[in-house]
Trainee: 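Submitted below is the structure of interest, expressed as structure tokens.
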There are 2 protein chains.
Amino acid sequence: MRVGGKWTAMVLRCLEDGTPRRFSELRVPLHWITPKVLTETLRAMERDGFLRRTVHDENPPRVEYALTDLGRSLITPLDAACAWARTHAPEITEARTAYERAAS
Amino acid sequence: MRVGGKWTAMVLRCLEDGTPRRFSELRVPLHWITPKVLTETLRAMERDGFLRRTVHDENPPRVEYALTDLGRSLITPLDAACAWARTHAPEITEARTAYERAAS
DNA sequence: CGGGATCCTTAAGGATACTG
DNA sequence: CAGTATCCTTAAGGATCCCG
């Protein structure tokens with residue numbers, strides 16, 4: 001599953017408000033991810049039905065990406081995971097510190 | 001985070017009932033994962049405070065792994081993710097089929 | 001029994017350059 | 001603008017053998 005990919009969650013965040021975004025618009029909040037990697041991520045998400053790719057026949061070309069219902073349904077478990085991370089991050093940090101201390 | 005690792009979730013499943021398990025016991029349900037990979041996974045999870053490693057001073061040696069409270073707290077979001085996957089797996093399969101069909 | 005040491009394969013991710 | 005093409009680096013994961 002590409003759900004576990006490095007960029008899938010961040011693309012989801014970029015599109016969760018329902019507004020379609022263009023390829024270049026997506027690159028900005030993603031720290032200027034290279035075109036190749038963004039393309040791979042978007043293609044995989046389109047393939048799995050998480051987003052829809054719309055090509056507008058204009059000049060210059062315009063391509064927009066928007067979440068599908070399936071993609072939107074991912075937001076809930078994603079939020080749950082983020083909430084868990086925020087809540088428990090201090091404990092993890094503490095555990096790591098304790099581990100390092102025990103190692104020395 | 002090692003939470004996204006390939007084996008972390010499965011180790012969690014092996015220990016979620018609260019019963020401590022030995023190194024060898026863990027290997028069985030994990031399709032005979034190699035010792036190196038299991039060790040790496042367990043060490044990372046111990047480092048992050050998800051489980052506790054207990055060495056019993058016996059002969060032959062006995063080492064047991066058990067979830068901590070922090071590790072148990074991961075079960076909830078993990079269940080949520082699994083529930084999502086079960087619910088939407090057919091949609092993903094269908095989307096992939098449609099994608100393949102459109103490609104040809 | 002519970003690993004450590006070593007070597008290897010693969011795939012994700014990325015840098016750079018070019019194109020319809 | 002929205003990619004494609006090519007090459008490269010790294011690290012996860014794994015196979016195999018060895019040890020206290």
Side-chain angles (χ1 to χ4, degrees), chain A residues 1-15 19-48 50-67 92 96 99-100 102-104, chain B residues 1-15 19-48 50-67 74 92 96 99 102-104:
Chain A
M1 291 210 207
R2 272 297 187 280
V3 182
K6 189 173 182 176
W7 298 105
T8 306
M10 300 180 74
V11 169
L12 232 50
R13 288 302 185 198
C14 292
L15 294 175
T19 309
R21 314 250 177 219
R22 308 176 64 165
F23 190 87
S24 301
E25 289 180 299
L26 288 173
R27 290 190 65 193
V28 180
L30 296 177
H31 291 310
W32 294 100
I33 176 178
T34 60
K36 178 204 157 201
V37 174
L38 181 54
T39 299
E40 287 171 352
T41 303
L42 293 174
R43 286 282 192 280
M45 293 179 69
E46 185 195 2
R47 180 179 121 95
D48 286 351
F50 297 154
L51 52 80
R52 187 166 12 254
R53 178 174 180 268
T54 308
V55 182
H56 297 88
D57 197 4
E58 303 174 357
N59 195 302
R62 186 163 60 100
V63 179
E64 286 184 324
Y65 297 87
L67 290 189
I92 295 180
R96 286 183 177 174
Y99 189 89
E100 297 297 316
S104 62
Chain B
M1 289 214 209
R2 273 297 187 281
V3 181
K6 189 173 180 178
W7 299 105
T8 305
M10 300 180 75
V11 170
L12 231 51
R13 287 303 185 196
C14 292
L15 294 175
T19 309
R21 314 247 178 223
R22 309 177 62 166
F23 190 88
S24 301
E25 289 180 299
L26 288 173
R27 290 189 65 192
V28 180
L30 296 177
H31 290 310
W32 293 100
I33 176 179
T34 61
K36 179 203 156 200
V37 174
L38 180 55
T39 300
E40 286 171 352
T41 303
L42 293 173
R43 286 282 191 279
M45 293 179 69
E46 185 195 3
R47 180 179 123 95
D48 287 351
F50 296 154
L51 53 79
R52 189 168 10 257
R53 178 173 180 269
T54 307
V55 182
H56 298 86
D57 196 5
E58 304 174 356
N59 195 300
R62 186 162 59 100
V63 179
E64 287 185 324
Y65 296 87
L67 290 188
L74 257 174
I92 295 181
R96 286 184 178 174
Y99 189 87
S104 60

Trainee: Quick check for you: among D/dA2, D/dT16, C/dG3, whose closest atom lies nearest to any side-chain atom of B/Arg43?
Mentor: C/dG3
Trainee: Nearest to the side chain of A/Tyr65, which nucleotide is it out of D/dG14, D/dG3, C/dG3?
Mentor: D/dG3
Trainee: Which whole-number value in Å describes the distance from A/Leu30 CG to D/dA2 P?
Mentor: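 Value for this atom pair: 14 Å.
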Trainee: Looking only at side-chain N and O atoms, does B/Trp32 come under 4.0 Å of OP1 or OP2 in D/dT16?
Mentor: no
Trainee: Tell me: CZ of B/Arg27 to P of C/dG2, nearest whole Å?
Mentor: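 Spelled out: CZ on B/Arg27 to P on C/dG2 is 11 Å.
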Trainee: Assess, by modelled atom type and distance only, whether the side chains of A/Tyr65 and A/Arg21 contain a donor and an acceptor separated by less than 3.5 Å.
Mentor: no
Trainee: Round to a whole Å and report the spacing from CG of B/Asn59 to C1' of D/dC19.
Mentor: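 In whole Å, D/dC19 C1' and B/Asn59 CG are 15 Å from each other.
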Trainee: Can you tell which of D/dG3, D/dG14, C/dG13 lies closest to the side chain of B/Lys36?
Mentor: D/dG14
Trainee: Among D/dC1, C/dA15, D/dG14, which nucleotide has an atom closest to any side-chain atom of A/Ser24?
Mentor: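 Comparing D/dC1, C/dA15, D/dG14 against the side chain of A/Ser24, the answer is D/dC1.
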Trainee: Before accepting this row, confirm whether a basic side-chain N of the pair B/Arg53/B/Glu64 lies closer than 4.0 Å to the acidic partner's carboxylate O.
Mentor: no
Trainee: I want to check one thing: is the phosphate of C/dG3, taken as OP1 and OP2, less than 4.0 Å away from some side-chain N or O of B/Arg53?
Mentor: yes
Trainee: Base, sugar-phosphate alone, or nothing: which one does B/Val63 contact when heavy atoms must sit under 4.0 Å apart?
Mentor: sugar-phosphate
Trainee: Are any of the side-chain heavy atoms of B/Tyr99 and A/Asp48 separated by less than 4.5 Å?
Mentor: no
Trainee: Over how many whole Å does the gap from B/Glu64 atom CD to C/dC1 atom P extend?
Mentor: 14 Å
Trainee: Could you tell me the separation between the CD atom of A/Glu40 and the C1' atom of D/dA2, rounded to a whole number of Å?
Mentor: 15 Å
Trainee: Counting distance only, does the side-chain N/O of B/Arg27 pair as donor-acceptor with the main-chain N or O of B/Ile33 below 3.5 Å?
Mentor: yes
Trainee: Are the side chain of A/Glu25 and the backbone N or O of A/Arg22 linked by a donor-acceptor pair below 3.5 Å?
Mentor: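 Side chain of A/Glu25 to backbone of A/Arg22: a pair is present.
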Trainee: Starting from C1' on D/dC1, measure out to CD on A/Glu58 and report it in whole angstrom.
Mentor: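 After rounding, the reported distance stands at 11 Å.
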Trainee: Separation of B/Glu25 atom CD from C/dG3 atom C1', in whole Å?
Mentor: 16 Å
Trainee: Grab the CD1-C1' distance between B/Ile33 and C/dG2 for me, whole Å please.
Mentor: 14 Å
Trainee: Which nucleotide wins on minimum distance to the side chain of A/Arg22, given the candidates D/dG3, D/dC1, C/dG2?
Mentor: D/dC1
Trainee: Judged by each residue's nearest nucleotide on DNA chain C, which is more toward the 5′ side, A/Pro61 or A/Thr34?
Mentor: A/Thr34
Trainee: By nearest atom, which of the nucleotides C/dG2, C/dG14, D/dG13 is closest to the B/Phe23 side chain?
Mentor: C/dG2
